[in-house]
Structure formats: C-alpha cells, structure tokens
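What follows is one structure encoded as structure tokens, with my remarks underneath.
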Amino acid sequence: MTGRLSVVGLGPGAAALTAPAATAALAQADDVVGYGPYVARVPERPGQQRHASDNREELDRARLALALAAAGRKVAVVSSGDAGVFAMASAVFEALDGGPPAWAALEIEVIPGISAMIAVAARLGAPLGNDFCVLSLSDNLKPWAVVERRLALAAEGGFVLAFYNPISRARPWQLGAAFDIVRQHRPPSTPVVFAAAVSRPDETILITDLGSADPAAADMRTLVLIGCEGTRLIPRADGPPWLYTARRVAPP
Ligand code: SAH
C-alpha cells in the first residue's frame, strides 16, 4: 500500500466554495491533519482519523502528515482558503526539504482553494481588477521591519493592498502602524474594507476610508483591503456600494 499526501485548501468557509477536487481528496483520506477549527469543517467519515492541533504547530503538523503518508496512509492536510496562501502548503514543503530521504518518494498533491482575498473581492465587486499586493501582517515569522518596508514600497507603488492576519491578541498594534504607513502615500478618501468571515454565517463587511479606518474594526477573521487611485465606489439601491478598481491606469 502506498501512501499519499493531499494538501487541501477548504475555501473561505461556505461548503459551496470548496473545490470538488478538495471534497474528493477529503472523502478518500484515512487521516485529516490540521488546525482544529479547519479539521472541524471536514465532514466526518467512519474510520477516518482526525488530528486536530493548535494554531502555531505548523511544522510539527506537517511532519506528522508526511510520516503518516510514508507509513502508507492517505493523508489530507487542511487549510482554510488556499493552502498555499499563508498556510500549510509551505510548511509541508519546509518539512520535506531536509526531511528523511523516504519522504522524497511520496506522492504529494496540492489542491487549490478559494483564498479569502478572492472571496472578499467577489463580495465587493472587483477591487482586485488591477495590480494588487498581498501581505500578511503577522510578524511571528518575519521581522516587523520587513513588513514595514514591503508595505511602504507597495503603498508607494500604487497597488491595491490586501492584508491577511491583520490583528490578534498577541499583535494588537501592527494594523494601526500599517494604516499610518499607507496614509503617507494615499489620500484620506481612499476606500478601506474590513471583511470578516466572508461566506460564513457571521460574515460582516465594513466599507470606510483611510482617514477614518479604525484598527479596532478588525479581528482574526478579517481581511483588510485598501484601494488605490483607480478604486471606486458605486452606490447601490439596496445594500452596500460596489467597489471596483478601474482597468485603465493614468500615465505617471
Ligand atoms: N490560507 C488562507 C489564509 C490563512 S491566514 C486563505 O487562503 O484564505 C488567516 C487570515 O486569512 C485571517 O486572519 C484573515 O485575514 C483571512 N481570512 C481567512 N478566511 C477568511 C474569511 N472567510 N473572510 C475574511 N478573511 C479571511
């Protein structure tokens, strides 16, 4: 019996936004490995073993998954959104890189998922319709000075900005600092969106502007989007305005 490791993105929350390929891999898995709340999203199947772990144990979790696959089991490692976006896929390859030689022979597949930015953008209209830049504000694994530098360059470069991991109990001030950096490059009227738990029952969307954006509006389930010069609002008769970024960019 040969094992297999599937690295599966579950999508942003709603079952309808999970790819059929992901659902098929989960249905075949002997073992499901991941952060507790994500494992909980996988439909239970008799005989399937579930290995739910804490949020910060990515590398241990990846090694466990590889070891189970090397022992001949069909293993699914799950992440929310896309597994390759600030999630488990890179942890799996970090573990593989320099791991036991037997792991190099394993069958591994990465199944794409709808990342939060894609789900959020679709809710709003088309804010990512032109060049954009995606950053994780988490400084758990990278120095804050690097975040600041990348952010300043992206803000200066005129990209629409999407922030993953904007805030947490351990990182309470970073989002405010990030807004201050962007304010040096963009006018107060720039649209800012706090989109939380998109496609889940507790979804909330707040559309505001850079002048009044309050970091307290974000939590761990929130993606923060900051528009660029070409980002516009279209009022809607019922419901929040549409947000889109124009395709045409003015010469510098
Ligand atoms: N791999 C995931 C991202 C994991 S990092 C993906 O591709 O979406 C966790 C961060 O993702 C959260 O802090 C939040 O910024 C964002 N996020 C995840 N799911 C979300 C959702 N349903 N709505 C809004 N943001 C979400």
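Numbering starts at 1 and runs along the sequence shown.
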Hey, does Y38 have a side-chain heavy atom less than 4.5 Å from the side chain of M88?
-> no

Looking only at heavy atoms, what is the nearest atom pair of R50 and A40, with distance?
-> NH2-CA, 4.0 Å

Has the side chain of R45 got a donor or acceptor atom that lies under 3.5 Å from a matching backbone atom of A27?
-> yes

Smallest heavy-atom separation, R186 atom then G227 atom, equals NH1-O, 2.7 Å

So do P191 and L243 actually touch side chain to side chain, heavy atoms under 4.5 Å?
-> yes

Derivation of the side-chain contact (heavy atoms from CB on, under 4.5 Å) call for L26 and L10 | CA-CA 10 Å; L26 295 170; L10 297 174; 3.7 Å; yes

Is the F194 ring parallel, tilted or perpendicular to the F179 ring (thresholds 30°, 60°)?
-> perpendicular

Please check if the side chain of D30 supplies one atom and the backbone of Q48 the other of a donor-acceptor pair under 3.5 Å.
-> no

Check whether any side-chain heavy atom of S90 lies under 4.5 Å from a side-chain heavy atom of E58, and answer yes or no.
-> no

Single hit among V33, V32, I111 for side-chain contact (heavy atoms from CB on, under 4.5 Å) with V78 | V32

I108/L66 under side-chain contact (heavy atoms from CB on, under 4.5 Å): CA gap, chis, key distance, verdict = CA-CA 9 Å; I108 299 177; L66 285 158; 4.1 Å; yes

Side chains of V110 and F93: closer than 4.5 Å at any heavy-atom pair?
-> yes

Can you measure from CG (L210) to CD1 (I226) and round to the nearest 0.5 angstrom?
-> 6.0 Å

Are any of the side-chain heavy atoms of L128 and V160 separated by less than 4.5 Å?
-> yes

Can you see which heavy atom on L225 is nearest to which on A162, and at what distance?
-> CD1-CB, 3.7 Å

Roughly how far apart are Y35 OH and S80 OG, rounded to 0.5 Å?
-> 10.0 Å

Are the ring centres of Y164 and F86 closer than 6.0 Å?
-> yes

Which pair of non-hydrogen atoms, one from T222 and one from A217, has the smallest distance, and what is that distance?
-> OG1-O, 4.4 Å

Determine whether Q28 and R4 make a side-chain contact, defined as any pair of heavy atoms from C-beta on separated by less than 4.5 Å.
-> yes

Got R183 and D180 here, is their nearest side-chain heavy-atom distance under 4.5 Å?
-> yes

Considering non-hydrogen atoms only, spot the tightest contact between L137 and A178 and give its length.
-> CD1-CB, 3.9 Å

Is there side-chain contact between V182 and V192, with heavy atoms separated by less than 4.5 Å?
-> no

Begin with the C-alpha distance, continue with both residues' side-chain angles, and end with the deciding distance and a verdict on side-chain hydrogen bond (donor to acceptor under 3.5 Å, both in side chains) for T245 and T231.
-> CA-CA 4 Å; T245 300; T231 305; 3.0 Å; yes

Any donor-acceptor pair under 3.5 Å from E203 side chain to S199 backbone = yes

Does the side chain of D209 come under 3.5 Å of the side chain of S189 through a donor N or O and an acceptor N or O?
-> no

Considering the options Q49, H51, K74, which one meets the side-chain hydrogen bond (donor to acceptor under 3.5 Å, both in side chains) requirement together with D31?
-> H51

Step by step, would you call R150 with C133 a side-chain contact (heavy atoms from CB on, under 4.5 Å)?
-> CA-CA 10 Å; R150 290 182 178 176; C133 190; over 6 Å; no

Output for pair (D97 CG, E94 CD), nearest 0.5 Å, gives 8.5 Å

Would R221 and D219 count as a salt bridge (charged side-chain N to carboxylate O under 4.0 Å, His left out) if you check the C-alpha gap in whole Å, the side-chain angles of each, and the deciding distance to 0.1 Å?
-> CA-CA 5 Å; R221 310 159 310 146; D219 62 19; 2.8 Å; yes

Please confirm whether the backbone N or O of A170 pairs with a side-chain atom of S168, one donor and one acceptor, at under 3.5 Å?
-> yes

Counting N and O atoms only, with roles assigned by atom type, does the side chain of S115 sit under 3.5 Å from a partner on the main chain of I118, one being a donor and the other an acceptor?
-> no

Is a side-chain N or O of N165 found less than 3.5 angstrom from the main chain of S136, in a donor-acceptor match?
-> no

Under the side-chain contact (heavy atoms from CB on, under 4.5 Å) rule, what do D139 and Q174 come out as? Steps first, then yes or no, please.
-> CA-CA 9 Å; D139 55 354; Q174 282 84 341; 3.1 Å; yes

